[in-house]
Number of protein chains: 2
Amino acid sequence: MSQTSSRRTSAKIQEVARLAGVSIATVSRTFNLPEQVKPATRSVVEGIARQLAYYPNRSASTLRTQRSKVLGVVLPTLLNPVFAECMAGIAVAAKERGYAIIHATTEYQLANEEQAVSELQSRSVDGFILVVSNPRTSRALERVRAQGVPYVLLYSREAGHPCISVDGEKALEELIERLAGLGHRRIAMVSGQLQASDRAQQRYRGFVAGMSRLGLDASSLIEVPFVETAVGRLAELLAQRGRPSALVCSNDLLAIRAIRAAHLAGLVVPRDLSVVGFDGIRIGEDMTPMLSTIVQPNEEMGRRSIALVSDAQSAASARRPVESVSLEYYFREGESCARAPEGYS
Amino acid sequence: MSQTSSRRTSAKIQEVARLAGVSIATVSRTFNLPEQVKPATRSVVEGIARQLAYYPNRSASTLRTQRSKVLGVVLPTLLNPVFAECMAGIAVAAKERGYAIIHATTEYQLANEEQAVSELQSRSVDGFILVVSNPRTSRALERVRAQGVPYVLLYSREAGHPCISVDGEKALEELIERLAGLGHRRIAMVSGQLQASDRAQQRYRGFVAGMSRLGLDASSLIEVPFVETAVGRLAELLAQRGRPSALVCSNDLLAIRAIRAAHLAGLVVPRDLSVVGFDGIRIGEDMTPMLSTIVQPNEEMGRRSIALVSDAQSAASARRPVESVSLEYYFREGESCARAPEGYS
DNA sequence: TTGTAGGCGTTATCAG
DNA sequence: CTGATAACGCCTACAA
């Protein structure tokens, strides 16, 4: 009953060594450098270890080797499925490579970025995976570089940093072209605060470029600072005459809200209004109408990020030129995007 | 340029001690037992520490104190927003209390539960927050108890274990009553694999109880083993005559898919079919129709779980009777649930 | 192939 | 209030 099996001796490795008739060094090697241990010895040690349910103490090992086998992940929030999906990919790949993940969310607050990095540094993570607001000005990123551990930026594309992303600018340009092909002329972009995210800026640039190229008015930018308020604000705008026939949203969460706003404004999507998102969150596929969107391989991005930092980890010294990865995106047809209404231009 | 500031001396605490003119013991105390250090000394040390950007090495501290200030979280997946929301709550509360989180997902695979726990144990977490398939048979849970660290079960309700949950059984019973009040007689329950989750079972029991109490046929259980296939399967069923007028889903993700299935079957929700979910994921509020559902306070549940284990942590010895927490749920009206079609019974 | 032993950075005990 | 000093459990030259 009383689980007071208080072993004060501890040092289970000693126990294993004793029972196996070897030194603790050999036990250690059995785990870390098995090939250096005679097979016979090894299997004895392994047997005993299993019996005693012994496994090396990670803190001790970390202290000694200066390697924690923990990676730090900093991202805005897990409440946006795009990051949850990304995290899922990260988790899988990390596990495969023997890393654990400690994450911190910034809630889109710049101040939190730096704090998150500090916290993770104090946990002596071996590397960082970061989704920052803006790589160019990020003090968090500075801190990471100062420390010299490997890192990779997710979703950003910034020369001089290892990034994993898709070309959002190009994607948006193509999207505009597609919409124009469907007869849309009045197209508005809905975005979160542009300055809060270089991803949003990237996509916005594509919007402007695409519109300009077709000679369309690219001035319709609807910035919704707080996602919570997006619906009301959008509904108002959509109720006005002269409203756009298509809404291009900077991310899927906004697109979903835009669809709701349209509904509140008495519009039917996609009959009266086309709405397209960006991110390709899975849940968009289950919605009705199914969300039309530009799909990024979020989980893969997560996986690749682990590959990158963990490779950099091993490479260590050879600080090569920084290798970024640009992945493919694609347009998911969905059902929230259709031909522009007749006589609408 | 070359960041080869290779300090071979390391031991920054020594440096701090030296510059502050004290021993490393005092430096340590300044961080851990500030009240034992003369204010004057303390501020000197703090100043130097800040200058050198010194912070205690966690691994060393963990090794010495046998406390990592890391908590382990095991949950099915982050791709279901219900767990992502929960995790968000966990993260906030953990941060407040100085804990970091390492999580592992099971992907609803029993085998992974135990492996996840082992992995986390090897990372010497100070406690566990678990969302397991079934507390009664969980070997993972056994392992945790064997180790003797504090833990708490999320979403489960099982005597003998500290649990944080809402009363899903009662909630479903009440829901049935509500639907009956709206004229629904043919009500079916849509669930994932029952045996894969005691939460689902709990809710199902409530469904049966509620139906029986009203003298309704409670035999309509639609089990969709793989969520991925839910839509197709449901659409088929909904296309048949004699279909239910209301669908009660064991979770919101299923409800969203049910709505899609209804659409594919040519039905309009809620005019032709009412659909209700369970969980209260936020995104349900942004959908059109807004998801009617039973809302659990997911983030709060996460927060409370941290409170529980971290308190148990400090209490340590006094193993009190196990205190579970049952939180309030509520029905979110939404728009996916309405009066039953005329002449439908 | 295996053993010996120093030290990773802290904390806690015990003196002073 | 402060200092000296053992561990904490492991890894890795270096020796054997």
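The figures that follow rest on heavy atoms only: side chains count, while hydrogens, waters and symmetry mates do not.
OP1 and OP2 of D:dC10 both lie 4.0 Å or more from every side-chain N or O belonging to A:S61. OP1 or OP2 of C:dG9 lies within a sub-4.0 Å distance of a side-chain N or O belonging to A:Q66.
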Would you list the atom pairs, donor with acceptor, under 3.5 Å between side chains in residues 48-57 of chain A and any protein atom, with sequence neighbours excluded?
| unit_1 | atom_1 | unit_2 | atom_2 | d |
| --- | --- | --- | --- | --- |
| A:N57 | OD1 | A:S59 | N | 2.7 |
| A:N57 | OD1 | A:A60 | N | 3.0 |

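The nucleotide whose nearest atom lies closest to any side-chain atom of B:S23 is, among D:dG3, D:dG9, C:dT2, D:dG3. Considering only the side chain of A:K38, C:dT1 comes nearest among D:dC8, C:dT1, D:dT2.
Both B:V37 and B:A60 lie near DNA chain D, and the one whose nearest nucleotide falls closer to the 5' end is B:V37.
With A:S68 contributing its side chain and A:V70 its backbone, the two residues share a donor-acceptor pair below 3.5 Å. At least one donor-acceptor pair under 3.5 Å links the side chain of B:S133 to the backbone N or O of B:A196.
Comment: B:E158 engages B:R136 in a salt bridge, judged by a side-chain N to carboxylate O separation of less than 4.0 angstrom.
For A:R58 and D:dG9, the CZ to P distance is 16 Å, given to the nearest whole Å. The CZ-P distance, from A:F31 to D:dG9, rounds to 15 Å in whole Å. Distance, A:Q14 CD to C:dG3 P: 13 Å, rounded to whole Å. The interatomic distance linking A:R123 (CZ) with C:dG9 (P) rounds to 18 Å, in whole Å. In this structure, the CD atom of B:E15 is 15 Å from the C1' atom of C:dG9, given to the nearest Å. Here the P atom of nucleotide C:dG3 and the CD1 atom of A:I13 are 12 Å apart, to the nearest Å.
Residues from residues 46-57 of chain B lying near DNA chain C, meaning a heavy-atom separation below 4.0 Å, are B:Y54, B:Y55, B:P56, B:N57 in numerical order.
Sorted by first then second residue, the side-chain hydrogen bond (donor to acceptor under 3.5 Å, both in side chains) pairs that include residues 27-40 of chain B, not counting sequence neighbours, are B:S28-B:N32.
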Taking N or O atoms only and anything under 3.5 Å, show me the protein contacts with nucleotides 12-16 of chain C, one pair per line.
| unit_1 | atom_1 | unit_2 | atom_2 | d |
| --- | --- | --- | --- | --- |
| C:dA12 | O4' | B:R64 | NH2 | 3.3 |

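Listed by chain and number, the residues in a side chain to side chain donor-acceptor pair (under 3.5 Å) with A:Y155 are A:N298 (sequence neighbours excluded). Evaluation of the salt bridge (Lys or Arg N to Asp or Glu O under 4.0 Å) rule for B:R304 yields B:E300 as partners, not counting sequence neighbours.
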Worked verdict on A:E142 versus A:R145 for salt bridge (Lys or Arg N to Asp or Glu O under 4.0 Å): CA-CA 5 Å; A:E142 226 169 76; A:R145 299 195 78 162; over 6 Å; no
Just do the salt bridge (Lys or Arg N to Asp or Glu O under 4.0 Å) check on A:E114 and A:R143 with the steps written out, would you? CA-CA 8 Å; A:E114 203 178 349; A:R143 257 194 131 93; 2.9 Å; yes
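Backbone-only contact: A:T41 has heavy atoms under 4.0 Å from sugar-phosphate atoms and none from a base.
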